[in-house]
**Student:** 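Just passing along the structure, written as structure tokens.
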Amino acid sequence: MLAMLLRRVLLGLITVVLVSLIIFAGVEMLPGDACTAFLEREAQGQLLENCRIDLGLNQPAFLRYLDWASGALTGDFGLSANGHKTISEMVGYRLRNTLLLASCAMLTGVPLALFLGIVAGLWRDRSPDLVVSTLAIMAMTIPEFVSATLLILIFSVWLGWVPGIVLTSASAPVSEFFPAIFLPIMVLAMVMTAHILRTVRSSVIEVMASDYAQMATLKGVPYWRVVFGHVLPNALLPTINVVALTIAWLLGGVVVIETVFNYPGLGRMMIDSISDRDLPVTQAIALIIATVYVGVNLTADMATMLANPRLRTLHTRKR
Amino acid sequence: MKRFLISSCAIAAVTAGMAFAEPTGVFRQAHELGFGALSSLDPISKGRVFQITEKLMSRLVRPDMDGVPAPDLALSWTANADATEWTLNLRQGVKFHDGSSFGSEDVVYSLNRLLDPNSDSPARSAVKMITGVEAVDANTVKLTLNIPFADLPMQLMDYRLRMIPEGSGDTIAQTGIGTGPFKLEKFDAEGTSVLVANMDYFDGAPGVAKMEIIGIADGQARLQALLGGQIDMESGITAQQKAMFAASDKYVLQEIPTGNWRGIVMRNDVAPFTDPRVRKAVRMVADRQQMLNLVEGGSGTLACDIPVGPRDQYRADLSCPQDIEGAKALLAEAGFPNGIDMDIYVATLEQTWPMMAEVFQQQAAPAGIRVNIVQVPSDGFWSEVWMKKDVTLTRWNERPADQAMHEIYLGGAKWNESFYSDADFDAMLASARRELDFAKRKGLYVKAQEHLQETAGTLIPYHVTKLVGTTARVRNLDAVENMSIRWHLVTVD
């Protein structure tokens with residue numbers, strides 16, 4: 001168990017390093033750099049030269065990567081390429097805001113998904129299931145930016161209930177994000193509910209059809225005791241992984257949502273930093289998101305193994 | 001008659017009431033956050049947030065509602081006989097937001113700071129003919145030029161040439177101290193910056209108590225914010241979005257003719273565009289009205305390849321109908337009886353570029369001009385494509401006639417994007433600058449424009465009409481170009 005944990009952590013670290021390399025190479029390959037992005041039409045001659053020397057862009061790419069990577073190892077993400085601000089300071093509030101958005105969406109989405117998924121599974125192929133499943137398919141297939149725009153149109157432009165765009169500055173206290181944060185939460189919760197509830201539904205159906213559930217029913221155990229005592233505990237296990245994946249998706253996938261709603265989180269910062277060619281900031285954010293992805297998945301696997309003894313024995317026997 | 005009297009009394013009472021009313025309400029506006037973390041309140045830096053600086057600081061000379069120079073911090077100006085020395089009389093009793101008095105030494109400081117050869121400011125090119133700035137007395141400044149220049153006041157109207165307190169260069173980026181109608185309360189480029197009314201503003205106290213200038217980088221998000229009433233004004237409305245505003249009484253749409261233009265630019269130093277006949281032929285095949293209708297929904301002012309806007313007092317009145325046969329004849333004369341091929345480089349940096357290129361492609365085909373459209377990324381367009389490839393799309397914001405022709409067409413100018421080089425044209429511009437008589441000067445500038453229509457390598461089909469959307473609660477917002485708006489008059493219900 002411990003050896004496996006260590007192995008997984010090591011693999012996770014390698015993934016994170018690879019991700020940072022790929023991101024660096026990707027942004028480096030885009031035409032233009034931090035100086036041409038800033039200077040636009042004036043990006044010529046001496047002005048461009050001065051700017052590049054100023055920002056250290058005249059050094060070869062791999063030297064800049066090494067420089068950054070060695071700093072990052074000691075927890076120092078360095079300075080942003082053009083703002084001359086420390087990245088830790090810039091990222092701090094943004095990370096908090098994204099976590100705020102993600103956790104609100106989770107608190108709304110996960111219970112809702114479990115409830116709807118169980119309902120759809122138990123009433124399989126009947127009207128509750130059909131309604132829930134159709135809505136889920138719609139929520140999954142309509143791109144977030146479309147549903148976001150529709151929600152803004154309905155709730156902010158037509159009804160005027162909530163503000164459409166978040167105008168709060170990044171460092172504002174949490175309370176100031178309400179009520180503008182409601183629409184982004186709704187969009188995120190919609191998509192994640194759809195994904196989770198479909199897994200819940202199919203695993204409820206599967207367990208309901210299992211031998212032990214049928215045996216319990218045949219022996220005369222009341223229906224709801226079968227559901228709560230035998231079906232749900234077993235059906236909800238596979239959901240842990242889906243929930244974990246969704247959490248990871250939330251942190252990366254908010255990029256689009258944050259841009260549409262002007263939400264001052266990590267996602268929008270990532271977009272801005274890419275268009276500014278601000279490599280150090282892009283790298284730092286990619287690193288954070290990759291670490292969260294790896295971390296959450298690792299935790300989910302561990303949780304599943306703790307909850308399901310069969311998985312553990314299977315692995316130990318293999319070794 | 002009686003009713004007329006009553007209503008005029010009512011109007012008089014309302015106007016009088018307005019003039020003495022305390023400023024009330026908050027006016028909200030967005031800015032694009034174009035320079036991210038480098039955003040600043042230094043009016044001459046590249047990262048200046050002009051939506052804020054234009055309300056905090058005043059210029060020496062400002063454009064009036066017709067775009068003609070009018071007093072701002074300078075009350076009057078005179079030139080010597082050959083227009084190489086200008087004397088400005090400054091407004092007296094003006095105070096900066098920090099309480100200090102405005103005087104000639106502040107003008108000397110602000111201008112010298114911009115003219116410093118070590119300054120990286122893009123605004124320097126507007127006034128680089130100034131070689132000396134001298135305080136004659138506390139309220140008089142003398143400017144010495146290295147060339148005769150009759151329209152210096154027009155250059156001083158530049159939206160970046162704002163006066164700041166002497167010695168404040170190192171702090172201005174954060175403090176934003178000026179003499180404008182609003183004072184800075186909080187600067188937060190990525191969030192909300194707050195400005196409050198300056199009750200001592202020399203042109204009268206502002207109508208609104210507060211202005212909030214909010215950074216919203218995404219254009220779609222800015223539009224949503226306006227539709228939802230979270231901001232009161234947004235100027236990037238496209239022709240396609242017009243319908244959304246026309247149908248509702250919650251918004252007002254201002255249509256403002258500007259001198260901004262988009263066009264197709266050929267490099268005159270590359271064959272076959274070295275031949276002015278080929279350049280003219282390429283420009284003759286454009287049906288400008290059709291292009292305007294298809295690309296901009298019909299709102300704009302037709303242009304005949306001149307960079308001078310419709311409101312500019314020097315604009316030449318030209319006509320340029322589509323002429324396919326004439327173009328064919330010119331091409332044949334230049335040695336291309338079978339027409340020419342050209343690659344046009346397009347990015348989506350400017351939304352309307354791809355449409356403009358496609359319309360041109362169709363219009364040019366009958367004349368034997370075979371256009372191939374090459375799509376390139378928006379990133380790095382200005383550094384890798386523009387002025388590098390033979391034919392590209394381009395765009396320019398409004399400039400006064402003289403500045404536009406100098407920056408874009410003068411031989412050897414830094415931004416002479418078509419590499420246009422014509423000694424006759426350069427001489428016309430020089431003599432126009434020297435001419436102090438307005439009518440004669442106008443004649444010279446018109447001649448220069450006619451020369452461009454004959455020989456230039458830049459297709460300028462029209463000048464853009466800007467659509468500015470506001471919420472219905474905004475009153476008295478001048479329906480003119482941004483740099484002429486009198487912000488202290490704006491009120492909100």
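For clarity, every value in this text was computed on a predicted model and none was experimentally measured. Throughout, protein chains are lettered first and strands after them, A, B, ... in sequence-line order, and every chain is numbered starting at 1.
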**Student:** To the nearest 0.5 Å, what is the distance between CD1 (Ile165(A)) and CG (Leu223(B))?
**Tutor:** 9.0 Å
**Student:** Can you tell me if CD on Glu49(A) sees more than 12 non-hydrogen neighbours from other groups inside 6.0 Å?
**Tutor:** no
**Student:** Check ring-ring contact (aromatic ring centres under 6.0 Å, His included) between Tyr159(B) and all other residues, then give those that pass, not counting sequence neighbours.
**Tutor:**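 Only Phe50(B) meet the ring-ring contact (aromatic ring centres under 6.0 Å, His included) criterion with Tyr159(B).
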**Student:** Measure distances from Val157(A) to the heavy atoms of chain B and classify the residue's part below 4.5 Å as side chain, backbone, both or neither.
**Tutor:** both
**Student:** Hey, could you give me each pair passing side-chain hydrogen bond (donor to acceptor under 3.5 Å, both in side chains) that has a residue in residues 208-220 of chain B? Not counting sequence neighbours.
**Tutor:**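 Pairs touching residues 208-220 of chain B that pass the test: Arg28(B)-Glu212(B).
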**Student:** If contact means a heavy atom pair closer than 4.5 Å, which residues of residues 147-156 of chain A contact chain B?
**Tutor:**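 Listed by number: Thr149(A), Ile152(A), Ser156(A).
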**Student:** Do you know the tightest heavy-atom contact between Arg268(A) and Leu33(B)?
**Tutor:** NH2-CD2, 4.2 Å
**Student:** If you draw a 6.0 Å radius around OH in Tyr93(A), do more than 12 non-hydrogen atoms from other residues or ligands fall strictly inside?
**Tutor:** no
**Student:** Between chain A and each of Gly191(B), Pro377(B), Gly228(B), Ala221(B), count heavy-atom pairs under 4.5 Å; write down the option with the most.
**Tutor:** Ala221(B)
**Student:** With a cut-off of 6.0 Å (strictly less than), are more than 12 heavy atoms of other residues, nucleotides or ligands near CZ of Phe178(A)?
**Tutor:** yes
**Student:** Where on Gln230(B) is there a heavy atom nearer than 4.5 Å to chain A: the side chain, the backbone, both, or neither?
**Tutor:** both
**Student:** What pair of heavy atoms forms the shortest contact from Asn262(A) to Ala217(B), and how long is it?
**Tutor:** OD1-N, 4.0 Å
**Student:** Is Lys250(B) in contact with chain A via its backbone, its side chain, both, or neither, using a 4.5 Å heavy-atom distance?
**Tutor:**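 Contact with chain A: side chain only.
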**Student:** Between Thr192(B) and Leu167(A), what is the shortest heavy-atom contact and its length?
**Tutor:** OG1-O, 3.3 Å
**Student:** Which atoms of Pro264(A) are under 4.5 Å from chain B, going by heavy atoms: the side chain, the backbone, both sets, or neither?
**Tutor:** neither
**Student:** Given a strict heavy-atom distance threshold of 4.5 Å, which part of Ile214(B) is in contact with chain A: side chain, backbone, both, or neither?
**Tutor:**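 Ile214(B) touches chain A through side-chain heavy atoms alone.
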**Student:** Applying salt bridge (charged side-chain N to carboxylate O under 4.0 Å, His left out), can you list everything that pairs with Glu234(B), at least two apart in sequence or on another chain?
**Tutor:** Arg222(B)
**Student:** Using a 6.0 Å cut-off, check whether atom CD of Gln351(B) has over 12 heavy atoms from anything other than its own residue.
**Tutor:** no
